[in-house]
Visitor: 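Handing you a structure now.
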Amino acid sequence: MDKGEGSSLKLSSGNQNSTLVQSSSPPVNSFQRRKPPATSPRKRKLLRSEQLKKETLRRCSTLSIASTVTPDENIDDILTTIGIGRWQILFIISTCLTKASFPPLFLGSVFTNMPMNFKCSNSMSNDSYQNKFNNLCTTNNRSLVNHSNFSCDYPEFDTSVFSSTFNSEFRLVCEHYWLSSWFQYSFTIGLCIGSTLIGLSDKNGRMVMVRLGAVGCLTGSLLVGLAPNIGLVLVGRFIQGVFIPITNVSGYALALETTPPRHRTKIGYLIWVPCSLSLILLGTTGYFIRNWRQLQLITYTPIYLNAIIVFFLDKSPRWLVQQGQINMAVSILERAGKLNGVDIPQTILVPLLNDAFQNVMNQWEIKGRDGLLISAIKSAKFSAMQVIWIVPPLICFFDAIIYFGVPLNANNFTENPFLYMIMTGAAAIPPTVLSDFFIRKIGIIYTLVITFATTGVCMVSSLGVPSELWWLKWVLVGASMMSICMANNTCDYMIFALFPTVFRSLGFSIMFLLFYIGSQFAYFLIGPVQSSKWWSFNVICGLCCFVCICLALILPEVQFEPLCETVEEVKQREIRIKEKISQVSKCCNCKSIILKGDSKGKTINQCSKYPKCYVNRGFDQ
C-alpha cells in the first residue's frame with residue numbers, strides 16, 4: 001500500500017499535465033493562499049498546549065541526560081520553557097511601583113521642605129517688625145539673617161509659592177532652623193542602615209524581605225503624612241530610609257530571577273521607566289498642590305499599592321533550590337507553567353532541581369555551615385570573586401557622585417523647581433528605553449565605557465562654552481544627564497549579572513551603601529568646593545568618569561553568560577571567558593575570518609584556521 005502511494009506520487013511529479021487532466025477538482029491558483037482549517041478557539045488552544053508540552057518534554061529530557069549542563073543552565077532553561085506571561089506580571093508590577101516611589105522619597109523634599117521667606121512678629125496678632133519678608137531674626141533691637149542664636153516666636157511666612165511646607169508648619173526658623181536639615185538627614189541615615197540589611201535576603205528569602213520592606217515603607221509614609229509633631233515625622237523619614245533599600249533590591253532580584261534569560265535585560269531596564277514617569281508626575285503634581293502634607297500623601301500612592309501586591313507574590317524558585325526546598329520550588333514552577341500555558345510534569349522537574357541542589361551542596365560555600373559573611377570572606381581568596389567584590393562597588397561610588405551631581409549642577413541654570421523636575425524625568429526616559437538595545441549589541445562593559453565617556457566629555461566641554469551660547473550649554477548638560485542615567489541603570493544590572501545567587505543580595509547591599517556615601521560627596525562638592533572654584537565640579541566629574549572607565553575595563557563581560565548560582569560557577573565562568581578572549585586573539589592574528597552563520601539572532605564570524613573559535617564575545621560553539 002505504501003509502495004503504491006509512493007509510486008503514484010512519483011508519477012504525478014513526473015507527468016503533471018496528466019495529473020491535472022485526471023483530477024476532478026478545479027485548478028488552484030498558485031498565488032492564492034489556502035485558508036486554514038476551520039477550528040474553534042478552544043481547539044486551537046488545546047493544540048498549542050500539546051505542542052508546548054511536547055517541546056517542554058523534549059527540552060527537559062535532553063537536560064536530564066546531559067552531564068555537562070550546569071544547574072544555573074537547568075533553571076534558566078526551565079524558565080525559558082515556561083516563558084514570560086501572567087506569572088511574571090505581579091513581580092514586574094511590584095518592582096515598577098517600588099521604582100516609582102523613588103522620586104517622592106529621594107527628591108520630594110525639594111517641594112515639601114522648601115525654605116520659605118519669613119518675617120518676625122512680636123505677637124500672634126502678626127504685628128511685624130518688618131514690612132517685607134527679609135528672613136531677619138529680631139530680638140532686643142538686633143536683627144540677623146536666620147541666625148540660630150536668636151528666636152522668632154511668631155514668624156509670618158511668604159505663601160506666594162507654597163501654602164505650607166515642613167519648614168513653615170513647625171516654624172523651623174532662627175534658633176530652630178537646624179531641625180529643617182534633619183528632614184533629609186534622617187532619611188539618609190536610614191538608607192545607610194537599611195543598606196546593611198539587604199544581605200538578609202540571601203538568608204531569609206526574597207519574598208519575605210520584599211513584604212517586610214513594603215510594610216515598613218507604608219508605615220513610615222503614613223507617619224510622615226499624618227504625624228502631628230516633628231519627632232514622629234522625622235521617625236517616619238528614618239523608617240522610610242531603612243526599608244526602601246530592602247524592598248527595592250529584594251524585589252529587583254526576585255523579578256529578574258523569575259524572568260527567562262532572553263527577556264532579562266529588557267525587563268531589568270524597562271522597570272526604571274516608571275521612576276522617570278514618577279519624576280515627571282512629581283513636578284506636575286507639585287505645581288498644582290502646594291501643601292506639603294497633601295503632596296506627600298498623593299505622591300506616596302505607589303507605596304500604598306505595592307504594600308498590597310507583595311502579599312500575592314511567589315518565592316524565588318532559584319533561591320528555594322539553594323535552600324533545598326525542592327518540593328516548594330516544583331509547585332511554584334508548575335503553577336507558573338499553568339499560568340503561562342505550559343504544563344511541565346513533576347517527573348522531569350524534580351530530578352533537574354535535585355541535581356541543581358546536589359551541585360550546590362557539593363561545593364564549599366554551604367551557608368548553613370559557615371554563614372553568609374564567613375562564606376563571603378572565604379570567597380575573596382579566588383581572583384574572580386576579588387574583582388567582583390572590589391570593582392563594582394567602587395564604580396557605584398563614583399557613579400553616585402556623577403549621578404547626583406549632574407542634576408544638582410544643572411539646577412543652577414533655572415530657578416523653577418517644577419520645570420527642573422519635569423525636564424530631569426523626561427531626560428531619563430530615552431536612555432532607559434535604549435539601554436536594552438545597547439546591552440544586547442555591545443554588552444555591559446562597553447555600554448558603561450561609552451556612557452561614562454559621553455558624560456565626562458560633555459561636562460568638561462561645557463566649561464568652554466561662552467555665555468552667549470546658553471542653548472549649547474543646556475544641550476551638553478542634557479546629554480550628560482541622559483548618559484549618566486543609562487550608566488546608572490547599567491550598574492544595577494551589572495551587579496545582578498556578576499554576583500552569584502548565594503551573594504547577590506549582599507553585593508547589592510555593599511553597592512547601595514557606597515552609592516549613598518557617594519551621593520553625600522556630591523552634595524559636598526556642589527556646595528563648599530564649587531563655591532570656591534566654579535569649574536571644580538565639572539573637572540571632578542570628568543575625573544570620576546575616567547576612573548569608572550578604567551574600572552569597567554577590568555570586569556569580565558557576562559551579558560551572554562547564564563546566571564551563576566555559586567562561587568564555583570563564577571570560577572568556571574571566568575575560565576570560559578578567558579578561553580574565548582584568547583581564541584579571539586588567535587583569530588585576529590591569522591587574519592582569516594569567514595562568515596559562518598547566525599546564532600541567537602546574531603551574526604557570528606568563524607575563523608577558517610580555528611573552526612571552534614567564534615569572534616564574537618559571549619558565544620560558545
Side-chain angles (χ1 to χ4, degrees), residues 102 106-107 188 191-192 195 272 275 387-413 424 427-428 431-432 435 438-439 442-465 473-495 498 507-508 510-555:
F102 279 11
F106 286 84
L107 301 174
T188 304
L191 288 175
C192 295
S195 299
W272 279 99
C275 179
V387 173
I388 294 175
W389 283 119
I390 296 174
V391 176
L394 288 177
I395 293 178
C396 293
F397 171 77
F398 292 106
D399 170 67
I401 296 177
I402 311 167
Y403 182 72
F404 284 92
V406 170
L408 287 174
N409 189 49
N411 195 28
N412 297 327
F413 293 98
T424 303
T432 303
S435 296
F438 282 97
I439 286 289
I442 61 177
I444 297 174
I445 305 304
Y446 292 128
T447 301
L448 288 175
V449 170
I450 292 174
T451 51
F452 281 122
T454 303
T455 304
V457 170
C458 291
M459 291 297 292
V460 175
S461 300
S462 63
L463 293 175
V465 178
K473 185 170 292 189
W474 263 113
V475 169
L476 293 175
V477 171
S480 301
M481 294 174 64
M482 294 175 66
S483 57
I484 195 59
C485 284
M486 183 182 292
N488 182 68
N489 297 344
T490 306
C491 285
D492 279 358
Y493 186 78
M494 171 191 66
I495 296 293
L498 282 174
F508 272 112
I510 298 174
M511 181 203 76
F512 271 91
L513 181 60
L514 289 179
F515 187 79
Y516 297 137
I517 295 175
S519 67
Q520 298 307 307
F521 270 79
Y523 285 101
F524 172 74
L525 293 174
I526 288 294
V529 175
Q530 194 174 23
S531 61
S532 59
K533 301 291 184 181
W534 63 271
W535 47 265
S536 59
F537 179 76
N538 295 59
V539 175
I540 292 174
C541 273
L543 293 176
C544 289
C545 290
F546 177 76
V547 173
C548 288
I549 292 173
C550 295
L551 292 173
L553 293 175
I554 300 175
L555 295 173

Visitor: For the residue pair Cys545 and Gly456, what are the closest heavy atoms and their distance?
Guide: SG-N, 3.5 Å
Visitor: Could you tell me which residues satisfy side-chain contact (heavy atoms from CB on, under 4.5 Å) with Met482, sequence neighbours excluded, listed by chain and number?
Guide: Ala427, Pro430, Pro431
Visitor: Between Pro392 and Met511, is there a side-chain heavy-atom distance shorter than 4.5 Å?
Guide: no
Visitor: Closest heavy-atom contact between Val460 and Gly542?
Guide: CG2-CA, 4.0 Å
Visitor: Quickly, which of Leu498, Leu553, Leu555 forms a side chain to side chain contact (heavy atoms under 4.5 Å, CB included) with Val391? Name it, please.
Guide: Leu555
Visitor: What residues form a side-chain contact (heavy atoms from CB on, under 4.5 Å) with Ala428, not counting sequence neighbours?
Guide: Ser276, Cys485
Visitor: For a quick test of reading the model, state the closest non-hydrogen atom pair linking Leu551 to Ile395 and the distance between them.
Guide: CB-CG1, 3.6 Å
Visitor: Are Val449 and Ile549 packed together at the side-chain level, in the sense that at least one heavy-atom pair is separated by less than 4.5 angstrom?
Guide: yes
Visitor: Measuring from atom SG of Cys541 to atom CZ of Phe398, what distance do you get when rounded to the nearest 0.5 angstrom?
Guide: 12.0 Å
Visitor: Let me confirm one number: the OG-OH distance from Ser519 to Tyr403, rounded to the nearest 0.5 Å.
Guide: 11.5 Å
Visitor: Do Phe546 and Cys550 have side-chain heavy atoms sitting under 4.5 Å apart?
Guide: yes
Visitor: So, using side-chain contact (heavy atoms from CB on, under 4.5 Å) as the criterion, who are the partners of Thr490 when residues are at least two apart?
Guide: Tyr269, Ile439, Ile444, Thr447, Leu448, Met486
Visitor: Please round to the nearest 0.5 Å and tell me the distance separating atom CG of Leu394 and atom CH2 of Trp389.
Guide: 13.5 Å
Visitor: For Ile401 and Gly518, which heavy atoms make the closest approach, and how far apart are they?
Guide: CG1-O, 3.5 Å
Visitor: Just wondering, do Phe102 and Trp272 contact through their side chains at under 4.5 Å, heavy atoms?
Guide: yes
Visitor: As an exercise, state the distance from CG of Asn538 to OG of Ser461, rounded to the nearest 0.5 Å.
Guide: 10.0 Å
Visitor: Rounded to the nearest 0.5 Å, how far does CG of Asn488 lie from SG of Cys396?
Guide: 8.0 Å
Visitor: Taking ring pair (Phe, Tyr, Trp, His ring centres under 6.0 Å) as the test, write out the residues that go with Phe438, two or more places apart.
Guide: none
Visitor: Could I get the full list of ring pair (Phe, Tyr, Trp, His ring centres under 6.0 Å) partners for Tyr516, not counting sequence neighbours?
Guide: Phe512
Visitor: To the nearest 0.5 Å, tell me how far Cys192 SG sits from Ile517 CD1.
Guide: 6.0 Å
Visitor: Closest heavy-atom contact between Ser483 and Thr451?
Guide: O-CB, 3.5 Å
Visitor: Please enumerate all residues that pass side-chain hydrogen bond (donor to acceptor under 3.5 Å, both in side chains) together with Thr188, with sequence neighbours excluded.
Guide: none
Visitor: side-chain hydrogen bond (donor to acceptor under 3.5 Å, both in side chains) with Asp399: which residues, sequence neighbours excluded?
Guide: none
Visitor: By ring pair (Phe, Tyr, Trp, His ring centres under 6.0 Å), which residues pair with Phe515, not counting sequence neighbours?
Guide: Phe404
Visitor: Please enumerate all residues that pass side-chain hydrogen bond (donor to acceptor under 3.5 Å, both in side chains) together with Ser435, with sequence neighbours excluded.
Guide: none
Visitor: My understanding is that only residues two or more places apart in sequence, or in another chain, count here; which of them pass side-chain contact (heavy atoms from CB on, under 4.5 Å) with Ile450?
Guide: Ile442, Thr454
